Amino acid sequence: MAPVDGICAVVLAAGEGTRLRPLTERVPKALCPVGNVPLLDRALARLDGLGLSGPTRVAVNACYLGDQVVERVGSRAHLSVEPGSPLGTAGGVGRLRDWIDGRGVLVGNADAYLSDPAAPPGPDIAALLDGWDGDSVRLLGQPASDPTAPGTFDGHVFTGFSLLPWRLVRELPATFGDLVRAVWRPAEAAGRLDVVPFRGTFIDTGTPADYLAANLHAAGGDSLIDPTARVTGRCHRSVVGAGATVRGTVSRSVIWPNATVDTGENLRDVIRVDADLTVPAA
């Protein structure tokens with residue numbers, strides 16, 4: 001395992017998740033469940049697998065529907081609740097400068113779904129920390145289908161985690177900004193940005209289609225049904241949450257906790273929330 005001495009972690013969970021609406025009109029994106037586990041819990045478990053846990057080592061920022069994030073995090077991490085509108089990825093880290101206090105910081109997007117069959121969460125991204133000089137910027141990435149496309153870094157797409165040195169974090173103001181412009185591109189121009197390949201599956205869950213894809217991947221080619229769900233209908237390659245009721249037929253779908261699928265309903269490639277909201281993944 002890579003050493004984590006002198007390193008803290010920040011999970012970014014403040015965003016509005018506009019591309020995932022209307023799901024995110026009720027629940028912040030960071031709390032949307034994938035494989036019946038909120039994305040934020042997956043991120044915290046991955047950090048715990050690295051040896052980073054508790055409010056002195058891990059922080060979570062919150063803003064949009066922030067009360068839900070605060071309640072979910074509880075005492076598991078330090079909380080930074082941003083007033084007004086979200087401060088963006090750079091502003092969110094900048095607001096935590098006093099808490100970071102001289103340490104390198106591993107920054108993770110709560111909405112990044114990562115899965116590596118060869119390593120559990122935590123060890124699967126440990127290469128990002130291994131041998132770090134404490135001065136350069138590192139990004140976790142995967143080879144892009146078009147290495148020259150805008151938004152790529154050394155021919156890679158970003159896969160949700162970056163490692164930042166204190167010398168750059170201490171310059172970040174607690175005002176709106178993003179890490180791409182404030183940190184990553186300047187480091188790239190200075191020859192101080194390295195991309196560490198992630199060998200597993202990465203899905204950015206920002207759209208209903210990608211959110212469904214992440215859930216189907218988490219289900220492993222079969223249905224994943226919470227033990228407290230009541231299923232008297234048929235399920236094929238679907239994820240059914242705690243307390244949900246399925247009397248009809250669901251295929252390649254996500255049924256949120258406590259949602260209902262009535263007799264006679266036939267759902268395919270959708271996300272069902274409660275009893276009154278069905279979001280097509282297409």
Side-chain angles (χ1 to χ4, degrees), residues 13 15-46 64-65 67-69 71-72 109-117 120-121 124 142 145 157 159-160 200-282:
E16 296 183 19
T18 54
R19 294 180 299 150
L20 205 53
R21 289 176 180 166
L23 296 177
T24 49
E25 291 175 356
R26 306 188 181 197
V27 174
K29 181 167 60 172
L31 298 189
C32 289
V34 170
N36 287 334
V37 179
L39 282 161
L40 178 58
D41 285 15
R42 287 181 173 273
L44 292 174
R46 178 162 278 106
Y64 174 71
L65 298 179
D67 289 349
Q68 293 185 39
V69 175
E71 181 178 3
R72 186 70 193 183
N109 293 345
D111 60 353
Y113 172 80
L114 300 170
S115 177
D116 184 350
D124 60 351
Q142 288 186 329
S145 56
V157 294
T159 58
T201 296
F202 161 73
I203 302 174
D204 176 355
T205 60
T207 66
D210 288 337
Y211 173 73
L212 174 61
N215 270 278
L216 296 183
H217 187 276
D222 201 352
S223 286
L224 180 60
I225 301 173
D226 187 274
T228 65
R230 297 174 293 278
V231 178
T232 56
R234 299 176 61 189
C235 288
H236 172 67
R237 289 200 64 199
S238 294
V239 176
V240 182
T245 300
V246 177
R247 303 186 187 97
T249 300
V250 295
S251 178
R252 292 178 46 86
S253 295
V254 182
I255 313 302
W256 273 22
N258 302 311
T260 300
V261 180
D262 282 328
T263 303
E265 286 193 286
N266 190 343
L267 303 183
R268 181 180 176 85
D269 292 318
V270 302
I271 301 101
R272 167 60 62 86
V273 180
D274 297 328
D276 61 339
L277 176 61
T278 304
V279 180

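FYI, the numbering just counts along the sequence from 1. This one's a predicted model, so the numbers in the text were calculated from it and none came from an experiment.
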Taking all non-hydrogen atoms of both residues into account, name the closest pair between Arg42 and Tyr113 and its distance. NH1-CE1, 3.9 Å

Identify the two heavy atoms, one from Phe202 and one from Ala112, that lie closest to each other, and give their separation to 0.1 Å. CE1-CB, 3.9 Å

In terms of heavy-atom contacts, does CZ of Arg234 have more than 12 from other residues, nucleotides or ligands at under 6.0 Å? no

Checking Val254, Ile203, Ile255 against Asn215 for side-chain contact (heavy atoms from CB on, under 4.5 Å), the one that qualifies is Val254

Is it true that Arg19 and Asp204 make a salt bridge, defined as a side-chain N closer than 4.0 Å to a carboxylate O? yes

For Thr24, does its backbone N or O pair with a side-chain atom of Tyr64 as donor and acceptor, under 3.5 Å? yes

Which residues pass the salt bridge (Lys or Arg N to Asp or Glu O under 4.0 Å) test with Asp222, not counting sequence neighbours? none

Per the side-chain hydrogen bond (donor to acceptor under 3.5 Å, both in side chains) rule, what does the pair list look like for residues 270-282, sequence neighbours excluded? Arg26-Asp274, Arg26-Asp276, Glu265-Arg272, Arg272-Thr278

Thr263 side-chain N/O to Gly248 backbone N/O, donor-acceptor pair under 3.5 Å: no

For Gln68 against Leu31, the heavy-atom pair lying closest together: O-CD1, 3.5 Å

Determine, step by step, whether Thr245 and Arg230 satisfy the side chain to side chain donor-acceptor pair (under 3.5 Å) criterion, reporting the C-alpha distance in whole Å, the side-chain angles of both residues, the deciding distance to 0.1 Å, and the verdict. CA-CA 5 Å; Thr245 300; Arg230 297 174 293 278; 2.9 Å; yes

Might you point out which heavy atoms bring Leu114 and Thr159 nearest each other, and give the distance in Å? CD2-O, 3.5 Å

side-chain hydrogen bond (donor to acceptor under 3.5 Å, both in side chains) partner of Lys29, the single match among Asp111, Asn109, Thr18, Thr205: Asp111

Which residues share a ring pair (Phe, Tyr, Trp, His ring centres under 6.0 Å) with His236, sequence neighbours left out: none

Taking every non-hydrogen atom, the tightest pair across Val273 and Ala259: C-CB, 4.0 Å

